[in-house]
Amino acid sequence: EHFEFTVRTLERLGISAVIIEDKKGLKRNSLLGTDVFQMQDSIEDFSKKISAGKKSQITSEFMIIARIESLILGAGIDDAIKRAKEFIKAGADGIMIHSKEKDPKEILDFCKKYRDFEKDIPLIAVPSSYNSVTEDKLKENGVNIVIYANQLLRAAYPAMMNAAKSILKNKRSLELDENLLSIKDILELIPGTR
């Protein structure tokens, strides 16, 4: 019932899609894999969740995307494919596949098998770990959407640390000027500040 309420709330806020992962319990970063306890939901229960979310939608445009954690949790490609088929039957508007492997082979193998049975439902990839693969290669293998989930945040933090170190070292911020966005430019990003 929480998910049904969430779907309606997201729609009212103008959000066009939600991605839900097929795990149970408290949210743990998927890239931790089996290093922390994570439990995948049963196909049946997760399918019910997708169906309930679809039935609670206000508009037909809102998308529920099923994120499959089989590769992360070591359950393998066959399990991931089985889940994809069942989640689509339950109403999923897209399938997101995730992997913690550095080599993109596992993801590309999944993509090929997925496209053997499904031509229309969008396929989403998140190359956080397997970042050597290009968008073109993912697209060639049937991926429709590529999400760079954490790269901008991971780039911002070292820049902020370097700025703080420079200020501490120089006891002023002048040395940072060439690396900073102007105040005028930053204010233009925020509606109503001009």
Side-chain angles (χ1 to χ4, degrees), residues 3 6 10 15-41 43 46-47 49-50 53 61-88 90-162 179 181 189:
F3 183 57
T6 300
L10 293 174
I15 294 168
S16 58
V18 63
I19 299 174
I20 56 171
E21 62 185 44
D22 63 348
K23 288 193 306 196
K24 292 168 61 168
L26 296 175
K27 171 68 178 139
R28 296 293 183 110
N29 187 301
S30 293
L31 299 180
L32 295 173
T34 54
D35 292 345
V36 296
F37 178 74
Q38 300 185 68
M39 184 186 302
Q40 203 166 16
D41 203 353
I43 292 173
F46 194 72
S47 293
K49 186 175 188 177
I50 293 167
E61 290 84 23
F62 187 80
M63 296 178 71
I64 295 176
I65 299 167
R67 173 173 157 167
I68 297 174
E69 297 287 298
S70 299
L71 304 180
I72 292 284
L73 298 173
I77 290 174
D78 291 339
D79 183 72
I81 290 294
K82 181 179 179 183
R83 287 172 176 274
K85 288 178 180 177
E86 292 302 316
F87 297 163
I88 289 168
D93 301 297
I95 296 294
M96 183 182 132
I97 190 64
H98 209 5
S99 173
K100 63 181 175 20
E101 298 299 319
K102 286 203 160 290
D103 187 333
K105 182 183 180 331
E106 178 179 60
I107 285 290
L108 299 176
D109 289 347
F110 172 87
C111 293
K112 289 174 192 160
K113 286 186 176 190
Y114 179 81
R115 287 300 176 205
D116 283 345
F117 73 87
E118 180 53 58
K119 306 294 184 217
D120 298 322
I121 302 292
L123 183 58
I124 298 101
V126 185
S128 295
S129 297
Y130 53 96
N131 59 5
S132 64
V133 70
T134 64
E135 290 175 13
D136 290 338
K137 186 71 170 174
L138 289 168
K139 185 178 176 182
E140 284 171 27
N141 285 274
V143 172
N144 304 95
I145 300 169
V146 177
I147 297 175
Y148 295 97
N150 53 37
Q151 284 78 1
L152 295 180
L153 178 61
R154 289 167 50 207
Y157 188 75
M160 290 187 287
M161 290 295 293
N162 288 336
N179 297 319
L181 194 61
L189 296 173

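Hydrogens, waters and symmetry mates play no part in the numbers below; they use all other heavy atoms, side chains included. As the structure is a prediction and not an experimental result, all values here were calculated from the model.
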Engineer: With a 4.0 Å cut-off, would you call Asp109 and Lys113 a salt bridge?
Structural biologist: no

Engineer: For Glu106 and Leu108, indicate whether the former's side chain and the latter's backbone hold a donor-acceptor pair under 3.5 Å.
Structural biologist: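 The answer is no, because no donor-acceptor pair under 3.5 Å joins these two groups.
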
Engineer: Minimum heavy-atom separation for Ser128 and Gln151, please, with both atom names.
Structural biologist: CA-NE2, 3.8 Å

Engineer: Using every non-hydrogen atom in the two residues, find where Ala17 and Phe62 come nearest and quote the distance to one decimal.
Structural biologist: N-CE1, 3.7 Å

Engineer: Work out which heavy atom in Phe117 is nearest to a heavy atom in Ala84; give both atom names and the distance.
Structural biologist: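 Scanning both residues completely, I find the closest heavy atoms to be CZ-CB, 4.1 Å.
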
Engineer: Within the side chain of Asp93, is there an N or O that forms a donor-acceptor pair under 3.5 Å with the backbone of Ile64?
Structural biologist: yes

Engineer: Return the set of residues passing side-chain contact (heavy atoms from CB on, under 4.5 Å) with Leu181 (not counting sequence neighbours), or none when no residue passes.
Structural biologist: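 Result, side-chain contact (heavy atoms from CB on, under 4.5 Å) vs Leu181: Asp185, Ile186, Leu189.
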
Engineer: Could you give the distance from CD1 (Ile124) to CD1 (Ile19), rounded to the nearest 0.5 Å?
Structural biologist: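 Output value for this atom pair is 6.0 Å.
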
Engineer: How far apart are the closest heavy atoms of Tyr130 and Ala125, and which atoms are they?
Structural biologist: OH-CB, 3.5 Å

Engineer: Hey, are the side chains of Ile97 and Tyr114 touching, using non-hydrogen atoms and a 4.5 Å cut-off?
Structural biologist: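 Ile97 does not reach Tyr114 side chain to side chain.
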
Engineer: Before accepting this row, confirm whether a basic side-chain N of the pair Lys82/Asp78 lies closer than 4.0 Å to the acidic partner's carboxylate O.
Structural biologist: no

Engineer: Would you compute the distance between atom NZ of Lys85 and atom CD of Glu118 and round it to the nearest 0.5 angstrom?
Structural biologist: 10.5 Å

Engineer: With distance as the sole test, does Asp22 use its side chain to make a donor-acceptor pair with the main-chain N or O of Glu69 at under 3.5 Å?
Structural biologist: yes

Engineer: Partners of Asn144 by side-chain contact (heavy atoms from CB on, under 4.5 Å), sequence neighbours excluded?
Structural biologist: Arg115, Pro122, Leu123

Engineer: A side-chain contact here means heavy atoms from C-beta on lying under 4.5 Å apart; do Glu135 and Tyr148 qualify?
Structural biologist: yes

Engineer: Where is the tightest heavy-atom contact between Ile121 and Ala92, given as atom of each residue plus distance?
Structural biologist: CD1-O, 4.1 Å

Engineer: Would you say Ile107 and Asn141 make side-chain contact, with heavy atoms under 4.5 Å?
Structural biologist: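 No. Closest side-chain heavy atoms not under 4.5 Å.
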
Engineer: Side chains of Ile72 and Lys23, heavy atoms from C-beta outward: is any pair under 4.5 Å?
Structural biologist: no

Engineer: Closest heavy-atom contact between Pro127 and Leu138?
Structural biologist: CG-CD1, 4.4 Å

Engineer: State, yes or no, whether a side-chain contact exists between His98 and Leu71 at a heavy-atom distance under 4.5 Å.
Structural biologist: no

Engineer: Do Val126 and Val146 have side chains that get closer than 4.5 Å, going by heavy atoms?
Structural biologist: no

Engineer: With a 4.5 Å cut-off on side-chain heavy atoms, are Lys137 and Pro104 touching?
Structural biologist: no

